[in-house]
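Worksheet: the structure to be examined is printed underneath.
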Amino acid sequence: MSNHYIKVSAIGMLLIFFMNVSWGYTHNKYELLGYLLPDKSDESITVLDEYGHPIQQAKIYSQQNEEVGMTDQQGQVILASRLSGNQIIIKHPGYYPKIVKLGDLSVVTLTPQHLENRDTIDVLHDKRSKNELLGAVDIVYSKQLSTTPTPLYLNALTGRLAGFYTQEVNGFRSARSAAITSLDLAGSLPTSATKYSSNLSDNSEINFQLRGQNPVTIIDGVQREIYSIDPENIESISVAKDALSAILLGQRSSRGVLQITTKKGAIGPPRISFTAQTGFQQAVKTPEPLQAYQFAYLYNEALSNSGRQPVYSQEDFAAFKDGSNPIMFPNVNWYEAVLREKNPISKYNLGVNGGTKNARYALSLSYLKQDGMFNSSDEFDYETNLTQNRYLINSSIDVDVTTDFTIGLQFFGRIQDGRQPGSGTQNILNSLYTTPNNAYPIFNTDGSYGGSSVYRSNLYQQATGSGYLLDNTRDLLANLDFNYNFDKLLPGLYAKGKVNVSASSSSLIDRSRQQPVFDARYNEQGEIVYFRYGDITDQPNSFATTSTANFFYVQGALGYDKEIQGGHQVKTKVFLDRQTSNYQFDLPSIYTNFAASGSYAFQDKYFGELALNYSGFNRFQPKSRYGLFYAVGLGWELTKENFLKEQTDWLDGLKIRATYGKTGNTNEGGLGYYSWRASYGQDGNNGYEFGSEYAYINSIVEKGLANVDATWEKGNKFNLGLDISLWNSMFKLTAEYYHDTYSDLLQQRGSTIELIGIGYPAENIGKNSYQGQELTLTYQNHWGNFNYFLSANASRMRTEVLYMNEVFQKYDWNRRTGMPVGQTFGYQADGLIQNQLEAQDAPLLGGNIVHPGDVRLVDINGDGVINIYDQTAIGNTKPIIFYGATLGFNFYGFDFNILLQGVKNRTYQQTDYSFGSNGESQGFTYLLDRWTPETSATARYPRLTLGADPTNTPYLNNSSFWTRSGEYIRIRNIDIGYSLPFALTKKIGLSALRIFANAQNLFTITPYDRLDPEINGNTNYPLQRVINFGVNIKL
Amino acid sequence: MKNIHLLWLALATYILLQQSCKSDLEVEPLELQTLDQVFDTNDSAGVNANRFLANCYRYLPALGNRVGGDFLDAASDDGMSSNPTNTSVEQLATGTYTADSYQDNLWASWYTGIRIANIFIQNIDRVPLKGKLENGTPFNRVWKAEARFLRAMFYFELVKRHGGVPLLGDRVYQLNDNIELPRETFENCIDYIVSECDAIQDSLRIDPFFLPDFGRPTKAAALALKSRTLLYAASPLFNGENIAPENPLTGYTDYSTARWQAAELAAKAVMDLNQFALQDEFKNIFITRNTERIFSKQGGNNTSVENNNGPVGYASGINNGRTSPTQELVDAFGMINGLPISDANSGYNEDDPYANRDLRFYATIFYHGSNWLSRPVETVEGGADKPGGVKQQTKTGYYLRKFMGDFESASNYSNLNHDHILFRYAEILLNYAEARNERLAAPDLSVYQAIEKIRERAGLTPYQLKTGLTKNQMRELIHQERRKELAFEEHRFYDVRRWKTAEKEFNKELHAMVIYQTGAGLIRQETPVMQMNFEQKMYLAPIPFNEVIKNPQMDQNPQW
């Protein structure tokens, strides 16, 4: 209820705010326009941007392509009367050229290009002009991001950045619902399986990698794992993939950078943009359960194949099929009973941006509401469906205190309120996947929830009648930036500083409710009697903190830029920063960097850069906390050379650049928590009870072997890049080649001999290489006012394990060394065993007798048995290729773009298995393809058995029988919009009005299409297709 | 002016950096204690040291539903798992395991226990413990002896499974130490365990029934471990019938009667303590603290055995009927008059097979018609406890009764003592009888007496054995007595191995009693339900595959 109130009032406030400002500014606007609107008889036109603000220095060309004028400060240009009635072309960087007939219009609005192209780029803690850039940096801007109707901006990056690989593994945010305990201490779990508990990422939906590494996410200059931000609040997202671009991260520089820059104020009258959009989401794929009679039939078959008696009779089949007795013979499609088909998502965003010369401001407010896919029941007056409500505020002010001194203040706040059914989203998804159609009826005749001795909770009740859980997450970031310019003291000398405090906390309110289920049975008199399972409980109202964290970041830099006569340009900088993170109970983790860099450029032709970073992390052993990391870069702009001077009419740029660096990665997850210290402590609640009264003594355990030599992982990263720009930047191409070698990777040694009596820690052992090629090209052109563009990228990455302390392997095919990193190993399968003769001859796995219809495993070493020696690399071993292409056009107010995205050379292992590991789970329609003597030729699934079968079960023994192609090509995103003509919008007091529709995950082609190629695992929240409509107005 | 700005900025930066340098928190985490804090030189009560030792106790072997949810005995000819899936015990019984998939592989667990014991043994002397036992033994010595006892237990568990294993002595290995150790010979391992038992027996506590220290080993426990160790060492599998006759890792390379004698004396030493006596009521041994219990792993007051194994018809979910004893075990129980059912004079009636049986039968097995929770158990086809369908239920028509409380006429379970009894006096008597019978040419009076004590307590009338039994007859009788007395206490699985009769006993087909209710009464039908499979190599469990692969010094057991 309170949530609803918050929601309504927040939307109300947004609207009031929006109306106020629109009211306030429309006045100005009319004055402005009144002043500008020229008289019809003049040969003058005014050029405006999408906010109705004048564009200066827009160039006007005649039909013959000669420059005939340029707009002034008011965006106005007076043109020679001879042009009257002729077509002219208006051009301005960043906007589509526009052809108009002089005299038809006195005011022309230009439309910004979909693919932005800027001269300066955000690099880590700095800005760089594009021609000085030596590293591999890719960037996307707000326009491309905001076509993606999802809560996470990560969804919008898929397929848009070369080298950036994503896999969507979950279709909805999952909230942490476990209360914070001392077990959340990073050090409380000593084994190598320990996951470093500091991960406060709000992203549980997308796995992403940058050239195979997990990049460091930097939001406005500060590392924070925040991924749920409205793309409309974001100015740009860049990825820095090479050593030089990331070297300021020091001990984390191997990982690369994912840098998010939110919108900042810019000089000018207020630019107000409001977007309202709403759409619906739909599961792209849900499993198809067997009908109850099919289930019963196949279950019988599995029973008899497993040497057991069938449990269903012919009458049972009939009863399941005709549905005449739905209480005793239920046939419930739980997916239909529990899930809703279409689920709304809506989003509102208001952005205000402007400023004077001395002070600039930007403000954005955003609200998102996303509903999950569970049904809720009319029985209760409260909502139980999965939802998230997200409120964002981001504001920044930059003030020039003096001509030398600027201060920037930024404040970011986020509230995420989630709800899920009381029994928990994941529990429902698990039950959905395991409950057969014939398990129990939803309701018994008396209205009670159905159930049985095996199914002690009712799935429908779990989804709709189990109360709810509320989770609340609060994030705050406050940034203070200083810039001091010492030009008066020494021209080119400057100092910069940044202080950031940020905090995050989340909590959970549990108002779940349990209800008993009743199993209907006939008694001896033939009457229905009900057996109760479970208890009635009230809704509790418990509260728990589920995580807390706070961060402190400080940065200072002193730099000196100097241009020396003769085209020499020198830039030097010393830089230091420190990041302190406090997660839950842990002692803070502190990164400190002392860095210096210098760059030199000669006539924009030759470039050189060198950076050093003496960087430390406080969780290493004292005296070995700091290490030196460095990177160098070289660049050569060939078009500036005399021998290419002649070609400048078509060749704008041709640049070769290279970087090399020695980088580091602390790999906190592998390192553990102060793992160099031998430590002892309580082991959760494990103890021993002495004496007749069982007096409990909580035990102290040795917390893992101390790894006294633990150090950071090393990277040797080389990048070679080529930038080509042709025909006035109409066509641009960037190619990259990289070869990164990572050594001292924290891994458990292969020779973990158990005689030592304790688990082995991760040690600096492994060595992997990653090499690949990336290609990005863009092409933009127009036929008249039909502007079209293409932006495509493709990446290919080959990985190899160079060293991993592998134990002695008897055969070459057993060896992991030399294979791709993370290669799946298992048995090779050669179809299904077709007859008894083949079964008798088949080599056996662990002595398990095989039958016709079982998977035929290949005895590679020919010793007559299937064992560990027959395991070999299965699935894809080729370099992975992933690509994306955005195509689009803009034509008289219509705009359209489409993103195609795909992956090649990828496989995954199917893990679902007939009736589940315990032999009681739901069956799905793919089981109809099982092997039977009659269908032996066409069967695509082994004979049915109950429970885990060593030969056939995917998760017991991986075999290539279960290897599926994970290749796909998707229409990832489509966006189509129409902007009303300015003449029309100005009448209603708006600068621009665009209505649009977009869609995510519209269509997929994949070879094995029963499962989604990205989400494998049927108990994950399914990938969603989103179809979205909205309107954007600008003032 | 300019300079002041610069100074100001530098100062501000400096202060900020200084601030973040200073921490309100400790530099290294205090909750992660060091060894010096665990074995504190100022802690005369040894609180932390005791907590560390408590951890070592956790690694004591457990009994009950522990192998994938089943009794280890369900992998012998005494029972099977009721679970319909391919359970661990079924795989053990049918021999479907390999060196990298041995279902009862606890190798790592035992060596973890050994490491903990070694750390304790190495460091406990730093702790100035104040107390001493009544006989004057200071607690430092007592606790150290306890750790050594636990370590000897762990080694015995290893040796009984695998034969000779690496012995680590008192050393605690660190990450950079060479841990590629070879296996010691079987003989050395036995000698080590025995010498440890000898060395600590006088340092341990004395009174096994001192309630506040219940669960701590006493002298008797050390002697009982020695007795079992020497009995195993003297048994045919290791003594004379080594599966690889020349291989000192898998057993002795020769035969010696002296080993039987050592086993006999070790058992006698426990008897001579005069601390123990057989409990009058067989059922009560397992649910009370009594004079028969020598040493247990602490279990607690609960209903776990009842819940796991109770017949499924009683409030299902609370009774999971996990264990199905076999017809073979049922047939092994004789009649109340002491005669086996095969004896013509036994009075066994095939139409009323459960009448007048050895009382231990009623205490061990639920059959169709036995009483439980105020109603008769129904294991007829379609009966409440064997309803058919997909649910877990008995495969043999029997359920396990042993270890449960007297809930025959109760309406529900209440919490009961369910400690894991690792040594009890009856075993010592059986050890003694077996060893002495093997040593002598023919059994003498003391062999008879030991067995008759067991039979007397079992309630057999007459309990006396026929006189003039040959050594072989007596051996057969002792083996049978062991089976009945110690069923489901993790003896059968290893006894049959050490007797080297597993190729016969564990290749049998196991049977169920299928009972049909007809108008004319019950029809009973003995039906085969499982074919066991045993090969020679299975006498010893394989050394875990990875340990052999990773350690070039480690020899695998024969044929694995």
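Quick note on labels: first sequence line is chain A, next is B, and so on, each numbered from 1. Side chains included, hydrogens not; waters and symmetry mates left out as well; all remaining heavy atoms used.
Considering CG of B:Asp177 and CD1 of A:Ile756, their distance stands at 7.0 Å, rounded to 0.5 Å. Separation of atoms CG (B:Leu53) and CD1 (A:Ile697) is listed at 8.5 Å; rounding is to 0.5 Å. The structure places CD1 of B:Ile549 at 7.0 Å from CD of A:Gln809, a figure rounded to the nearest 0.5 Å. Rounding to the nearest 0.5 angstrom, the gap separating the CD1 atom in B:Ile119 from the OH atom in A:Tyr680 is 4.5 Å. Separation of atoms CG (A:Asn686) and CZ (B:Arg58) is listed at 3.5 Å; rounding is to 0.5 Å.
Proximity of A:Lys703 to B:Gln33: side-chain heavy atoms (C-beta onward) are nowhere separated by under 4.5 Å. Between B:Arg115 and A:Leu755 the shortest side-chain heavy-atom distance does not fall below 4.5 Å. Counting heavy atoms from C-beta on, the side chains of B:Asn176 and A:Asp709 come closer than 4.5 Å. Contact annotation: the side chain of A:Val708 never approaches that of B:Leu175 to less than 4.5 Å [non-hydrogen atoms, C-beta and beyond]. Contact check for A:Glu754 versus B:Tyr111: no side-chain heavy atoms found under the 4.5 Å cut-off.
Of the atoms belonging to B:Thr34, heavy atoms from both backbone and side chain fall under 4.5 Å from chain A. With a threshold of 4.5 angstrom between heavy atoms, A:Thr945 does not approach chain B through any atom at all. Only the backbone of B:Ser296 comes within less than 4.5 Å of a heavy atom in chain A; its side chain stays farther off. Residue A:Ala706 touches chain B through its backbone alone, counting heavy-atom pairs closer than 4.5 Å. Heavy atoms closer than 4.5 Å to chain A are found in both the backbone and the side chain of B:Ile179. For A:Asn867, no part sits under 4.5 Å from any heavy atom of chain B, backbone or side chain. Both the backbone and the side chain of A:Ile753 come within contact range of chain B, with heavy atoms under 4.5 Å apart. Both the backbone and the side chain of B:Asn551 come within less than 4.5 Å of a heavy atom in chain A. In this structure, chain A has a heavy atom under 4.5 Å from the side chain of B:Leu168, while its backbone stays farther away. Both the backbone and the side chain of B:Tyr57 come within contact range of chain A, judged by heavy atoms closer than 4.5 Å. Using a 4.5 Å cut-off between heavy atoms, A:Glu763 touches chain B through its side chain atoms alone. For chain A, the nearby parts of B:Asn301 are the backbone and the side chain; heavy atoms of each come within less than 4.5 Å. Proximity to chain A is limited to the side chain of B:Phe545, based on heavy atoms less than 4.5 angstrom apart.
Within 6.0 Å of OH in A:Tyr696 there are more than 12 heavy atoms belonging to other residues, nucleotides or ligands. Atom CD of B:Gln553 has more than 12 heavy atoms from other residues, nucleotides or ligands within 6.0 Å.
When B:Gly215, B:Ala99, B:Pro166 are compared by the number of non-hydrogen pairs under 4.5 Å with chain A, B:Pro166 comes out ahead. Among the candidates B:Lys297, B:Glu180, B:Glu547, the residue making the largest number of heavy-atom pairs closer than 4.5 Å to chain A is B:Glu547. For the set A:Gly681, A:Ser679, A:Ser692, A:Pro622, the count of heavy-atom pairs under 4.5 angstrom toward chain B peaks at A:Ser692.
In this structure, A:Ser699 and B:Ala54 approach most closely via the heavy-atom pair CB-C, 4.2 Å.
Between the side chain of A:Tyr688 and the backbone N or O of B:Cys56, no donor-acceptor pair lies under 3.5 Å.
A:Tyr694 and B:Phe214 have their aromatic ring centers separated by at least 6.0 angstrom.
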